[in-house]
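We're numbering straight along the sequence, starting at 1. This is a predicted model, so every value here is computed, not measured.
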Amino acid sequence: MQSLIIYSTVDGQTLAICQRIEQHLLQAGRSVKLIEINQVTQTDIANCEQVIIGASIRYGKHRPELFKFIATHLAAIEQKPNSFFTVNVVARKPLKNTPETNPYMIKFLQLTLWKPKLLGVFAGKIDYPKYGFFDKFMIRLIMWITKGPTDTSGTFEFTDWDKVDAYAANIVKQLR
């Protein structure tokens with residue numbers, strides 16, 4: 001049996017966090033399948049012992065395929081040890097970086113019937129040089145409003161990797 005890590009990402013930071021979690025599971029002797037949310041099959045879920053889902057925020061919302069996936073596979077996910085984490089730049093702020101205080105986690109839990117057994121919130125990354133004109137403009141505007149970095153020549157990573165490691169350790173503990 002294996003741990004199934006499912007990700008929904010726009011710019012890749014959620015995937016990077018999933019890969020970090022994957023390394024912890026592998027070091028604990030687990031078999032792991034890491035897969036993008038649109039590629040997951042019913043067989044993938046049936047053949048795993050644990051489900052971990054990570055999803056990013058863009059313009060204040062999780063991607064629609066996240067909610068569709070959960071609605072489709074809810075019963076199967078709930079039968080296994082499971083966890084969910086969200087990645088967003090708002091989580092860079094100390095009062096918005098926990099499942100209880102992060103507005104996107106709160107909204108997610110209100111919009112879905114799933115009640116994950118383990119929750120995580122991680123700050124993401126802003127990579128202005130990677131963005132097209134529209135995204136660069138909009139993200140810069142959002143950062144200006146929220147007093148974040150606005151230098152469009154820069155890349156700003158806010159992810160607390162120690163926090164990711166602690167979350168991964170709790171995922172490993174789910175199976176003991």
Between Arg92 and Val89, is there a donor-acceptor pair closer than 3.5 Å when you use the side chain of the first and the backbone of the second? yes
Tell me whether Lys136 contacts the main-chain N or O of Asp127 through its side chain, where contact means a donor paired with an acceptor under 3.5 Å. no
Tyr128 and its side chain to side chain contact (heavy atoms under 4.5 Å, CB included) partner, picked from Ile139, Thr155, Asp151: Ile139
Does the Lys115 side chain pair with the main chain of Glu78, one donor and one acceptor, at a distance under 3.5 Å? no
Between Thr101 (side chain) and Leu95 (backbone), is there a donor-acceptor pair under 3.5 Å? yes
If we ignore angles and hydrogens, is there a donor and acceptor under 3.5 Å between the side chains of Gln2 and Gln50? no
Over-ring placement of Arg58 relative to Tyr131, 6.0 Å and 45° cut-offs: yes
Before giving the answer on side-chain contact (heavy atoms from CB on, under 4.5 Å), spell out for Ile171 and Ile52 the whole-Å C-alpha distance, their side-chain angles and the decisive distance to 0.1 Å. CA-CA 8 Å; Ile171 288 172; Ile52 301 126; 3.7 Å; yes
State, to 0.1 Å, how close Ile45 and Ala76 come at their nearest heavy-atom pair, and which atoms those are. CG2-CB, 3.6 Å
Near-ring test His62/Tyr104, centroid separation under 6.0 angstrom: no
Please step through side-chain contact (heavy atoms from CB on, under 4.5 Å) for the pair Ile17 and Val87, ending with a clear verdict. CA-CA 9 Å; Ile17 292 168; Val87 179; 3.7 Å; yes
Side chain proximity check, Leu118 to Gln174, heavy atoms < 4.5 angstrom: yes
Could you check if a side-chain atom of Ser56 sits within less than 4.5 angstrom of a side-chain atom of Thr86, using non-hydrogen atoms only? no
Enter the distance from Leu111:CG to Leu66:CG here, rounded to the nearest 0.5 Å. 10.0 Å
What residue among Val164, Leu26, Asp165 forms side chain to side chain contact (heavy atoms under 4.5 Å, CB included) with Ile21? Val164
Can you tell me how far apart CD (Gln19) and OG1 (Thr14) are? Round to the nearest 0.5 Å. 11.0 Å
NZ (Lys68) and CG (Asn38) are apart, to the nearest 0.5 Å, by 8.0 Å
So, Thr159 and Gln13: side-chain donor and acceptor under 3.5 Å apart, yes or no? yes
Answer yes or no: does atom NZ of Lys96 have more than 12 heavy-atom neighbours from other residues, nucleotides or ligands under 6.0 Å? no
Backbone N or O of Val172 within a donor-acceptor pair of the Arg30 side chain at under 3.5 Å? no
Within a strict 4.5 Å, meaning less than it, do heavy atoms of the Ile6 and Phe69 side chains meet? yes
When clusters are formed from ILVMFWY side-chain contacts under 4.5 Å, directly or step by step, what else is grouped with Ile145? Leu141, Trp144
For the atom pair CD1 (Ile37) and NE2 (His73), what is the distance rounded to the nearest 0.5 Å? 8.5 Å
Is Lys163 close to Asn97 at the side-chain level, that is, under 4.5 Å between some pair of heavy atoms? yes
Yes or no on side-chain contact (heavy atoms from CB on, under 4.5 Å) for Ile126 and Asp11, after CA distance, side-chain angles and deciding distance? CA-CA 9 Å; Ile126 295 174; Asp11 296 313; over 6 Å; no
Distance check, rounded to the nearest 0.5 Å: Asn47 atom CG versus Gln42 atom CD? 10.0 Å
Supply the atom-to-atom distance Glu49 CD to Ser3 OG, rounded to the nearest 0.5 angstrom. 7.0 Å
I'd like to know if the side chain of Lys93 and the backbone of Thr146 have a donor-acceptor N/O pair within less than 3.5 Å. yes
Ring pair (Phe, Tyr, Trp, His ring centres under 6.0 Å) with Phe122: which residues, sequence neighbours excluded? Phe85, Tyr167
Answer yes or no: is there a side-chain heavy-atom contact under 4.5 Å between Phe156 and Lys125? no
Candidate pair Asn88 and Asn102, rule side-chain hydrogen bond (donor to acceptor under 3.5 Å, both in side chains), full reasoning: CA-CA 9 Å; Asn88 55 82; Asn102 185 269; 3.0 Å; yes
For Thr41, the side chain to side chain contact (heavy atoms under 4.5 Å, CB included) test, sequence neighbours excluded, returns Thr43, Asp44
Are Glu36 and Tyr7 close enough, and set up right, to give a side-chain contact (heavy atoms from CB on, under 4.5 Å), and what steps lead you there? CA-CA 5 Å; Glu36 202 274 330; Tyr7 64 92; 3.6 Å; yes
Tell me if a side-chain donor or acceptor on Thr112 pairs with a main-chain N or O of Leu109 at a distance below 3.5 Å. no
Less than 4.5 Å apart, side chain to side chain, heavy atoms only: is that true for Leu25 and Glu22? no
So do the side chains of Ser83 and Lys117 get within less than 4.5 Å of each other, counting heavy atoms only? no
In the structure I gave you, are the side-chain heavy atoms of Tyr59 and Met138 within less than 4.5 Å of one another anywhere? yes
Would you confirm whether Asn170, through its side chain, and Ala168, through its main-chain N or O, come within 3.5 Å as a donor-acceptor pair? no
